[in-house]
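In what follows, chains carry the letters A, B, and so on, assigned in the order in which the sequence lines appear, proteins first and then strands, with residues in each chain numbered from 1. As the structure is a computational prediction, the values presented were derived from the model and not from experiment.
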Amino acid sequence: MPKDSGIGASSKRREDVRFLTGVGNYTDDINMHGQTYAYFLRSEVAHGKINNLDIADASAMPGVLKIFTADDLTAAGGVPCGWQVTDRFGNPMQEPKHPILAEGKVRHVGDPIACVVAETLEQARDAAEAIELDIEELEAVIDMKAALNDGATKVHDDLDNNLCYDWGFVEENRDAVDEAIKNAHHVTTLELTNNRLVPNPMEPRVAIGDYSRGKDEYTLYTTSQNPHVIRLLMGAFVLSIPEHKLRVVAPDVGGGFGSKIYHYAEEAMVTFASKVVNRPVKWTCSRSEAFVSDAHGRDHVTKIELAMDENHMFTAVRTETYANMGAYLSTFAPSIPTWLHGTLMAGNYKTPLVYVNVKAVFTNTVPVDAYRGAGRPEATYQLERVVDKAARELGVDPAELRRKNFIKPEEFPYQTPVAVVYDTGNYHATLDKGLEMVDYANFDKRVAESKARGKLRGLGIAHFIEACGIAPSNLVGQLGARAGLYESATVRVNATGGLVVMTGSHSHGQGHETSFAQVVADMIGIDENMVEIVHGDTNNAPMGMGTYGSRSIAVGGSAMVRATEKIIAKAKKVASHLLEASEGDIELKDGAFSVAGTDKSITWGEVCLAAYVPHNYPLEDLEPGLEETAFYDPSNFTYPSGAYICEVEVDEETGKVDILGFTAADDFGNVINPMIVEGQVHGGVAQGIGQAMLENTVYDENGQLLTGSYMDYAMPRAADVPNFSVDHSCVTPCTHNPLGVKGCGEAGAIGSPPAVVNAVIDALHRGGHTHVEHIDMPVSPARVWAAINNK
Amino acid sequence: MTKITMTVNGKSYSGEVEGRTLLVNFLRETLSLTGTHVGCDTSQCGACTVHVNGQNVKSCTMFAIEADGADVTTVEGIAAPDGTLSTVQQAFQDYHGLQCGFCTPGMIMTATKLLENNPKPTEHEVREYLEGNICRCTGYHNIVKAIMAASGQEVTPVAAAE
């Protein structure tokens with residue numbers, strides 16, 4: 001029977017009502033008394049030297065309060081990077097300064113040069129147009145491989161070259177992998193591009209700086225996935241504001257997908273400016289501006305080789321990847337192609353030897369950082385594409401080749417050759433479930449049916465693994481993270497029994513206000529509506545590393561569980577006093593404390609009241625009140641996995657691909673709210689289909705962004721995607737967190753791109769176009785048609 | 001500056017606007033009706049969709065002056081005065097047709113207009129009608145399902161644990 005409340009129930013989302021009726025509170029909905037408006041003058045060239053920047057006339061324009069340039073920010077630090085990668089020779093990565101406003105040079109289209117603060121947005125814009133700016137355009141560095149040539153123009157004059165780092169993993173295995181590939185029975189090789197994407201949450205970024213002269217305190221309202229992280233980065237590294245003088249609020253946030261993790265220059269600028277002009281300063285990003293200032297995602301060029309023995313068992317994987325960093329290092333950028341990518345290159349397989357080489361490259365493009373999946377989609381895409389190609393070369397069923405090489409259910413926990421230990425999983429179960437859902441056995445009949453209509457039908461399988469629930473602090477510290485990745489929660493019980501949970505996780509679409517409340521209510525046995533979830537304000541939760549990497553329920557949820565356990569433990573002490581019974585005999589069930597083996601009981605509310613009105617209370621043993629805080633630092637990553645299967649029809653004449661069906665059979669461990677989990681998968685799959693079929697970020701050779709609006713960048717629309725079949729009934733609970741949960745936010749975006757491309761290639765081969773080994777994403781009609789016809 | 005007057009959600013409002021002021025800015029900034037959102041600047045995303053004289057309009061594409069004298073409905077005017085959600089709004093909650101909520105006002109306005117014009121649309125018609133509204137969170141699956149349910153047609157139930 002489906003549950004109707006608590007853990008496992010599809011509780012309706014309580015946050016929906018405010019969003020459905022237009023009374024949400026997004027950052028741009030906030031207007032402060034005396035507010036001013038910021039507008040950024042940005043570079044229109046990809047690479048250039050600023051010969052002249054004259055703000056005198058513009059500063060005298062109506063309504064202008066102040067125009068900021070780099071000269072005003074000499075005391076401020078640059079935008080910091082949160083992760084230092086060490087290269088394969090033991091040297092630290094090259095780390096350029098990322099100024100808030102350009103210091104003499106611009107390095108990508110969109111690089112901010114000046115910030116105008118005026119009484120109205122129109123006045124700020126008008127003044128920005130009046131700024132005299134003379135930029136000498138320099139050669140733009142766009143192509144990653146060309147950027148590494150000797151004598152190539154440098155993005156940063158003070159660095160040795162455009163190579164951020166040359167990383168090897170596992171470096172000690174390099175020779176053994178080379179040897180295994182040399183001696184292999186069969187080696188399948190594939191070269192591919194993981195196309196650059198723009199995350200495009202529907203809410204553009206907004207930041208409001210508000211300095212209080214009376215209290216010498218700053219408040220920043222910002223569209224962030226992690227307000228505490230912004231407070232830490234901006235306060236400690238950019239503006240030198242101690243945390244007790246800086247409050248960061250991220251209210252309702254309209255999607256993030258990674259792009260709202262990072263500390264951006266505009267946040268520091270409005271915070272700094274609000275003190276100078278002594279008024280609140282608001283900046284609202286336009287969509288055109290977002291395309292050239294939000295961090296982009298993916299952008300890898302990879303060669304992968306998969307070696308096999310005569311029994312088709314994988315013996316080694318070797319990869320060489322060029323990863324675009326863009327012009328500056330965004331907050332987590334260096335970690336994405338390395339630790340979030342290399343550690344997943346074993347996939348679901350027992351491949352004993354893996355070597356991953358990554359060259360991270362500076363170019364005159366927008367910085368690249370995590371986008372939904374972050375490194376793991378890049379790993380899964382290349383691995384699941386090369387396995388598919390191998391099956392075709394060997395003439396075996398791609399499902400069977402995967403099954404043969406899968407880690408077996410009884411082999412967990414499984415130590416991979418790329419450092420991580422998978423705690424649980426059952427890949428055979430999810431693959432079988434997916435194949436059952438798509439009626440794999442009868443696929444040939446459907447191929448014939450399509451053929452009768454003149455269409456080529458194909459089926460593509462991908463089986464993903466990801467490492468999420470990020471992350472054990474001691475481990476990521478060794479790997480170069482400049483932060484811990486725990487989470488915190490404070491549970492405050494009020495005198496009349498209601499609870500407020502303050503969490504460092506942040507909800508920007510994930511529905512935490514509902515699902516987190518389900519967990520706490522279930523633990524105590526009270527109605528979900530007695531639990532309120534508060535997030536998004538550094539003045540509430542004690543600390544928070546925020547929401548990304550499918551970490552909220554696994555890490556933030558675990559912190560909340562630990563705090564609630566402390567609450568229950570204390571409440572039991574109070575109950576034992578009130579019931580005059582031994583603490584060990586007190587049981588909590590359905591919101592009531594009872595004495596085991598008796599009919600004596602007391603309600604949750606009575607115990608809470610006693611804690612706050614301690615007339616009859618063990619004051620000598622126990623403090624009054626009922627509020628507890630817990631920090632939870634995970635002992636391992638979590639490892640969701642699943643089978644993603646796509647069925648397509650290709651029109652040979654036009655190259656047009658229609659997705660006929662998309663199926664996801666996931667193992668997310670235990671599930672708190674199935675409705676929300678399925679919604680996360682739907683959204684992730686749509687983004688993955690977007691990457692595979694529609695989306696692409698294109699720079700020309702001069703570094704102009706050719707896809708800088710929704711007129712040019714193909715966002716998936718309702719008619720571009722099918723209905724999805726999703727399942728999460730294969731459950732191997734996580735063994736190291738209290739809820740047994742693994743996380744579901746990124747799975748869809750990880751598993752789906754290779755499934756789509758595998759399906760298209762399958763269709764072409766079944767149609768006799770066996771010369772087509774690969775088509776880079778997006779598999780647009782033009783590319784498919786060209787692949788068919790360019791023999 | 002020009003003085004304009006319009007009826008918004010049944011109430012008459014007046015305000016001073018510049019010629020370049022967009023209807024969406026008048027609604028958001030002058031009337032503080034912040035439910036209508038701005039998600040792009042090329043009239044593509046549809047987060048700013050409102051009804052003007054009974055027609056679906058992207059309010060970022062219309063000057064406030066052009067709506068002088070018009071009858072405008074925004075997302076704030078869709079639920080009943082006592083707060084009861086409309087059939088479309090309720091279906092979006094029941095079938096999880098929203099996540100971050102940012103595109104939702106536009107989706108509600110478009111879906112409401114669709115069902116006024118076409119009370120029993122096919123799923124294909126729903127998807128085609130949503131062409132001008134972009135959602136990045138839901139993959140549209142549950143938006144389409146919610147609209148089908150709101151039209152009184154049978155849909156599969158929302159997810160439940162096994």
Legend entry - B:Asn142 vs A:Met675, side chain to side chain contact (heavy atoms under 4.5 Å, CB included): CA-CA, chis, key distance, verdict: CA-CA 10 Å; B:Asn142 284 341; A:Met675 175 189 82; 5.6 Å; no
Measuring heavy-atom distances to chain B, does [X] have an atom under 4.5 Å in its side chain, in its backbone, in both, or in neither?
X        : value
A:Val721 : both
A:Asn723 : both
A:Gln680 : both
A:Phe257 : side chain
A:Val253 : backbone
A:Ser709 : side chain
A:Asp28  : both

Legend entry - B:Thr104 to A:Phe19 - nearest heavy-atom pair and separation: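 In this case the closest contact between B:Thr104 and A:Phe19 is CG2-O, 4.1 Å.
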Inset, instruction - Determine the minimum heavy-atom distance between A:Gly255 and B:Cys100, stating which atoms define it. - result: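 Here A:Gly255 and B:Cys100 meet closest at N-CB, 3.3 Å.
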For chain A, which of [options] has the most heavy-atom pairs under 4.5 Å?
options                             : result
B:Lys145, B:Gln90, B:Glu123         : B:Glu123
B:Gly77, B:Cys135, B:Gly39          : B:Gly39
B:Arg20, B:Arg136, B:Arg28, B:Gln99 : B:Arg136
B:Thr42, B:Leu130, B:Val38          : B:Thr42
B:Ile108, B:Asp94, B:Thr36          : B:Asp94
B:Ser32, B:Cys40, B:Gly35           : B:Cys40

Inset, instruction - State plainly whether the residues B:Arg127 and A:Asp720 are in salt-bridge range, i.e. N to O under 4.0 Å. - result: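 Answer for the salt bridge query: no.
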Inset, instruction - Would you check if the side chain of B:Asp41 reaches a backbone N or O of A:Ser286 as a donor-acceptor pair within less than 3.5 Å? - result: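 Looks like no, no N/O pair under 3.5 Å.
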Does the side chain of [Y] come within less than 4.5 Å of [X]'s, by heavy atoms?
X        : Y        : result
A:Met202 : B:Cys45  : yes
B:Glu29  : A:Asn31  : yes
A:Tyr710 : B:Ile134 : yes
A:Arg13  : B:Leu98  : yes

Engaged part of [X] at the chain A interface, taking heavy atoms whose separation is under 4.5 Å:
X        : result
B:Leu85  : side chain
B:Phe102 : both
B:Ala79  : side chain

Legend entry - Atom pair CG/CG of A:Leu121 and B:Asn25 - distance to nearest 0.5 Å: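 These two atoms lie 8.5 Å from each other.
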Inset, instruction - Supply the atom-to-atom distance A:Glu122 CD to B:Thr21 OG1, rounded to the nearest 0.5 angstrom. - result: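 So the gap between those two atoms works out to 6.0 Å.
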Inset, instruction - Determine, stepwise, if the pair B:Gln44 / A:Met711 fulfils side chain to side chain contact (heavy atoms under 4.5 Å, CB included). - result: CA-CA 7 Å; B:Gln44 293 288 306; A:Met711 314 282 278; 3.2 Å; yes
Could you have a look at [options] and say which one has the most heavy-atom pairs with chain B under 4.5 angstrom?
options                                : answer
A:Gly748, A:Ala290, A:Ala686, A:Pro716 : A:Pro716
A:Val677, A:Asp126, A:Val681           : A:Asp126
A:Ala718, A:Gly683, A:Gly22            : A:Ala718

Inset, instruction - Output the residues of residues 51-76 of chain B for which the shortest heavy-atom distance to chain A is under 4.5 Å, in residue-number order; output 'none' if no such residue exists. - result: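 Against chain A, the residues of residues 51-76 of chain B that fall inside the cut-off (heavy atoms, under 4.5 Å) are B:Val75, B:Glu76.
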Legend entry - ring-ring contact (aromatic ring centres under 6.0 Å, His included) involving A:Phe724 - partner list, sequence neighbours excluded: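 Per chain and number, A:Phe724 pairs via ring-ring contact (aromatic ring centres under 6.0 Å, His included) with A:His682, B:His141.
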Legend entry - Under the ring-ring contact (aromatic ring centres under 6.0 Å, His included) test, residues paired with A:Tyr548 that sit two or more places apart: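 Checked A:Tyr548 against ring-ring contact (aromatic ring centres under 6.0 Å, His included); matches are A:Phe332.
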Inset, instruction - Mark yes when over 12 heavy atoms from residues, nucleotides or ligands other than B:Lys120 sit less than 6.0 Å from its NZ; otherwise mark no. - result: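 More than 12 heavy atoms, drawn from other residues, nucleotides or ligands, come within 6.0 Å of this atom.
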Inset, instruction - For B:Ser86, enumerate each residue passing the side chain to side chain contact (heavy atoms under 4.5 Å, CB included) test, keeping only those at least two apart in sequence or located in another chain. - result: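 Here the qualifying residues are B:Ile78, B:Val88, B:Gln89.
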Inset, instruction - Quick one: do A:Ile676 and B:His96 satisfy side chain to side chain contact (heavy atoms under 4.5 Å, CB included)? Show the steps, please. - result: CA-CA 7 Å; A:Ile676 289 176; B:His96 193 27; 4.3 Å; yes
Legend entry - Test item: side-chain donor near acceptor, B:Gln93 and A:Arg14, under 3.5 Å: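 Not at all, the side chains of B:Gln93 and A:Arg14 share no donor-acceptor pair under 3.5 Å.
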